[in-house]
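Numbers restart at 1 for each chain; the letters A, B, ... are given by sequence-line order, proteins then strands. These figures come from a predicted structure and were not determined experimentally.
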Amino acid sequence: MNPQQLGEAVGNGLLSLDSRIENFNIVKGFLNLELKKSYWNHLLSEIANNESFGVSKYDEKSENVIIEYPSPNTNKPLHLGHLRNIFLGFSLSRILEANGHKVYQVCLYNDRGTNISKSMLAYLRSEKKLTPESSGIKGDKLVGDYYVAYNELSKKALEELKAQGLSEEEAKKQNPLEKEIADLTVRWEAGDEEVVALWKTMNGWFYEGVEQTYKMLDLKFDKFYYESDVYNLGRQTVKEGLEKGVFFQKPDGSVWIDLTDVGLDEKLVLRSNGTTVYITQDIALAYQKQKDFEFDRSIYVVGNEQDYHFKVLFEILRRLGMKASDKLYHLSYGMVELPTGKMKSREGTVVDADDLIEDVIKIAKETANEQGKLSEVDESKKEEIYKQIGIGALRYFILKVDPKKKMIFNPYESIDFNGNTGPFIQYIHARTQSLLRNAVQMGLAIDVHEEENNNYTPNQKESQLIRWIAQFPLVVNEAGTMYSPALIANYVYELACLFSNFYHDYKVLKEEDTHARQFRLLLTAQTGRTIQKALYLLGIEAPERM
RNA sequence: GGCCUCGUAGUUCAAUGGAUAGAACGAAAGUUUCCUAAACUUUAAAUACAGGUUCGAUUCCUGUCGAGGCCA
């Protein structure tokens with residue numbers, strides 16, 4: 001039997017079995033099925049009558065999912081890279097909820113160590129001893145300023161040493177500031193009151209500042225973890241691991257795990273002096289999270305420069321026999337680079353998160369004013385819409401890219417409001433809402449009953465649109481299993497394009513055939529609803545007008 | 001040096017191993033007495049290179065070149 005004959009046979013079989021099929025044809029070894037026109041009316045009504053379309057309910061298949069992001073260091077304010085992290089974590093939380101899971105969002109603050117010591121030292125050395133209150137500077141920015149000040153102090157000290165004839169390396173070794181940092185860190189670990197008090201104060205500034213940024217982005221965490229709480233944990237786990245034979249001890253007393261059989265290395269988990277290392281803390285935190293949330297799945301949103309670290313961590317947890325250790329996932333995303341390359345704080349090329357947010361809102365406002373939009377909306381509402389559009393543009397721009405891939409962001413050009421952008425999709429949504437408002441004014445009600453709509457035969461653009469809307473639940477599912485908000489972004493852009501196309505070619509409210517008008521109103525309502533739901537999953541607001 | 005990503009129009013991004021590689025920005029031309037022109041319609045423009053597997057490869061494998069990352 002050749003492909004043509006096989007196709008005929010299968011096609012004829014399906015034709016007799018499924019009443020929804022109108023006809024079929026065979027092209028280049030592909031069997032294409034043509035559905036009956038009435039099928040589309042039926043499908044549209046079904047979607048319209050489904051309250052929870054695209055959203056799964058919590059049931060026996062649902063999981064407790066814990067997702068950790070963006071886990072900043074407390075010595076520097078958030079930048080563009082954190083924004084990608086935040087947008088991904090936030091969107092993925094919503095996507096997993098839509099898949100029926102219970103999602104807990106947590107944030108780990110890396111609040112100790114040499115970085116914050118540097119900011120503290122610069123503060124102690126400064127003459128003015130500025131605080132957020134005295135300076136009016138946002139807390140996280142101020143701590144960051146001190147961090148930068150430290151680097152300048154350090155650079156100056158190095159140059160002085162080099163002027164005395166020391167080599168680069170020797171100067172680094174002898175840098176008195178490095179010793180002071182080490183000293184501060186030791187005093188902090190010993191619980192020195194003065195140091196701990198300053199540490200608390202400066203971290204406090206940071207939290208106050210960064211939480212303003214979180215609020216701007218609608219982030220709400222279920223729990224905050226602090227490195228200072230977990231850094232000393234993990235010894236007990238190491239001990240148990242030794243007893244189980246998962247770890248082994250070297251003659252100097254240090255504890256290791258041998259992962260060479262799975263292509264990784266030998267990894268240190270406890271130093272010979274009994275202090276923990278980074279990964280020991282992560283092991284401890286994993287157990288802490290299990291205790292706190294009894295998760296079935298645990299997701300870490302962390303950049304891809306830590307791929308190796310997470311491979312090792314997950315392998316260790318697996319061997320320790322932690323519950324749900326087969327459901328650990330590192331959502332590894334690529335770096336955000338500038339056209340000039342990587343962001344470097346030393347070269348002052350870091351794009352600050354707050355500044356960027358402020359800029360995009362400003363651009364949204366200017367664009368709206370230029371085009372004379374929103375003239376009939378009152379002032380406070382306008383500001384809210386500018387914010388929704390600006391931040392929507394930023395979120396969409398970053399989320400539409402496959403998380404795994406590194407992306408290039410040009411602060412001056414990337415935020416566009418035309419084309420494949422957040423505002424375009426928001427605009428199409430606003431149009432649907434405008435149509436529906438006008439329909440109400442004209443006294444037209446939308447009828448979702450199938451039999452009413454059956455009197456109309458959808459054209460090709462309409463059936464295409466319905467077909468695409470019907471895909472939505474599948475896409476939500478796919479985005480969840482692939483951990484990829486980009487799939488939702490691509491989906492909703494296509495949806496907006498299809499509607500825009502339909503809207504351009506056909507009248508809705510001015511259509512004289514009442515059956516067609518009713519049908520199109522229902523289609524408009526369902527398109528609007530689906531765009532709104534998809535944007536919600538991306539963390540993007542859908543304004544009623546713009 | 002070892003390991004891990006990645007390489008698609010001028011630029012930024014798409015494409016479960018499937019049909020003529022799809023958009024957007026930018027470039028060129030056009031659409032407004034018509035439900036929002038942040039829109040719509042045309043045109044030009046791309047799979048780094050060389051092999052292999054397959055009926056079929058942007059996708060999988062090998063090598064070369066190039067970019068980035070992790071480890072020492």
message: Which nucleotide wins on minimum distance to the side chain of A:Tyr493, given the candidates B:A24, B:A38, B:U36?
response: B:A24
field: A:Leu264 CG - B:C4 P separation (whole Å)
entry: 10 Å
Residue whose nearest RNA chain B nucleotide is more 5′ - A:Tyr427 or A:Asp402: A:Asp402
query: Considering only the C1' atoms, how many Å lie between B:A57 and B:A21, rounded to the nearest integer?
result: 12 Å
field: Charged N-O contact under 4.0 Å between A:Glu384 and A:Lys387
entry: no
- prompt: Is any side-chain N of the basic residue among A:Lys461 and A:Asp505 closer than 4.0 Å to the acidic one's carboxylate O?
  reply: yes
Of A:Val401 and A:Thr421, the one whose closest RNA chain B nucleotide lies more 5': A:Val401
- prompt: So does A:Glu178 pair up with A:Lys173, basic N to acidic O under 4.0 Å?
  reply: no
- request: Give a yes/no on whether any side-chain N or O of A:Arg431 is located under 4.0 angstrom from OP1 or OP2 of B:A37.
  value: yes
field: Carboxylate-amine/guanidinium contact A:Glu97 A:Arg94, below 4.0 Å
entry: no
statement: Scanning all shown strands, the Watson-Crick or wobble mate of B:G1 with both distances under 3.5 Å is B:C71
- request: Remember a base hit wins even if backbone is also touched, and classify A:Ala439 as base, sugar-phosphate or nothing at under 4.0 Å, heavy atoms.
  value: nothing
message: Determine whether a donor-acceptor pair (one donor, one acceptor, N or O, separation below 3.5 Å) exists between the side chain of A:Lys373 and the base of B:U36.
response: yes
message: Does the structure show a Watson-Crick or G-U wobble partner for B:A9, both distances under 3.5 Å? Name it, or say none.
response: none
task: Between B:G22 and B:A46, how far apart are the C1' atoms? Round to whole Å, please.
output: 12 Å
field: Proximity to the side chain of A:Phe417 - top-ranked nucleotide from B:A38, B:U12, B:C40
entry: B:A38
message: Please name the nucleotide paired to B:U53 by Watson-Crick or G-U wobble geometry with both distances under 3.5 Å, or report none.
response: none
- prompt: Could A:Glu337 and A:Lys342 be called an ion pair, given the rule that one side-chain N must be under 4.0 Å from one carboxylate O?
  reply: no
query: Reckon A:Ser500 has a side-chain N or O less than 4.0 Å from the OP1 or OP2 of B:A39?
result: no
- prompt: Please give, in whole Å, the distance from B:C71 C1' to A:His309 NE2?
  reply: 14 Å
task: Sticking with atom P, work out how far B:C65 lies from B:C49, rounded to a whole angstrom.
output: 16 Å
statement: Taking a pair to mean Watson-Crick or G-U wobble geometry with both distances below 3.5 Å, B:A48 pairs with B:U64
field: N/O (side chain, A:Asn501) to phosphate O (OP1/OP2, B:A39) under 4.0 Å
entry: no
message: Between A:Asn459 and A:Glu462, is there a side-chain donor-acceptor contact under 3.5 Å, judged purely by atom types and distance?
response: yes
query: Any side-chain N or O of A:Thr367 under 4.0 Å from OP1/OP2 of B:A38?
result: no
field: Between B:U32 and B:G18 - C1' atom distance, rounded Å
entry: 43 Å
query: Which nucleotide in the list B:C35, B:A38, B:U36 gets nearest to the side chain of A:Val508?
result: B:C35
message: As a test of reading the structure: which of B:U36, B:G69, B:C25 is closest to the side chain of A:Asp416, going by heavy atoms?
response: B:C25
query: Which whole-number value in Å describes the distance from A:Ile408 CD1 to B:U5 C1'?
result: 15 Å
field: N or O in side chain of A:Asn418 less than 4.0 angstrom from B:A39 OP1/OP2
entry: yes
Nucleotide nearest A:Arg545 (side chain, heavy atoms from C-beta), chosen from B:G68, B:U36, B:C40: B:U36
statement: B:A19 -> Watson-Crick or G-U wobble partner, both distances under 3.5 Å, gives none
message: Strictly below 4.0 Å, N to O, side chains only: are A:Lys365 and A:Asp359 in salt-bridge contact?
response: no
field: Closest to the A:Lys510 side chain, choosing from B:A14, B:A38, B:C34
entry: B:C34
query: Side-chain N or O of A:Lys311 less than 4.0 angstrom from OP1 or OP2 on B:C70?
result: no
field: Flag if over 12 foreign heavy atoms under 6.0 Å of CZ, A:Arg20
entry: no
message: Using whole Å, what does the distance between atom P of nucleotide B:C6 and atom OH of A:Tyr333 come to?
response: 17 Å
Watson-Crick or G-U wobble partner of B:A38, both distances under 3.5 Å: none
- line: Rounded to whole Å, the NZ-C1' distance (A:Lys406 to B:G7) equals 9 Å
- prompt: Given the C1' atoms of B:A24 and B:A44, what is the spacing between them in whole Å?
  reply: 16 Å
query: Rounding to a whole Å, what distance do you find between A:Lys344:NZ and B:G68:P?
result: 9 Å
field: Interatomic distance where CZ belongs to A:Phe499 and P belongs to B:U36 [whole Å]
entry: 10 Å
- line: Separation of B:A37 atom P from A:Gln371 atom CD, nearest Å, is 11 Å
- prompt: Any stacking of A:Phe30 on B:A19, going by centres under 5.5 angstrom and planes within less than 30 degrees?
  reply: yes
task: Provide the distance between the two C1' atoms, one in B:U16 and one in B:U59, to the nearest whole Å.
output: 10 Å
query: Rounding to the closest angstrom, what is the interatomic distance between B:U42 and B:A15 at atom P?
result: 24 Å
message: For a quick check of understanding: with a heavy-atom distance under 4.0 Å over all strands, which category does A:Tyr506 fall into, base, sugar-phosphate or nothing?
response: base
- request: Could you measure between the two C1' atoms, the one in B:G7 and the one in B:C13, and give it in whole Å?
  value: 14 Å
message: For the residue pair A:Asp307 / A:Ser332, report whether a side-chain donor-acceptor contact shorter than 3.5 Å exists.
response: yes
task: Can you tell me the pairing partner of B:G26 across any strand shown, Watson-Crick or G-U wobble, with both distances under 3.5 angstrom?
output: none
- prompt: Base, sugar-phosphate alone, or nothing: which one does A:Met546 contact when heavy atoms must sit under 4.0 Å apart?
  reply: base
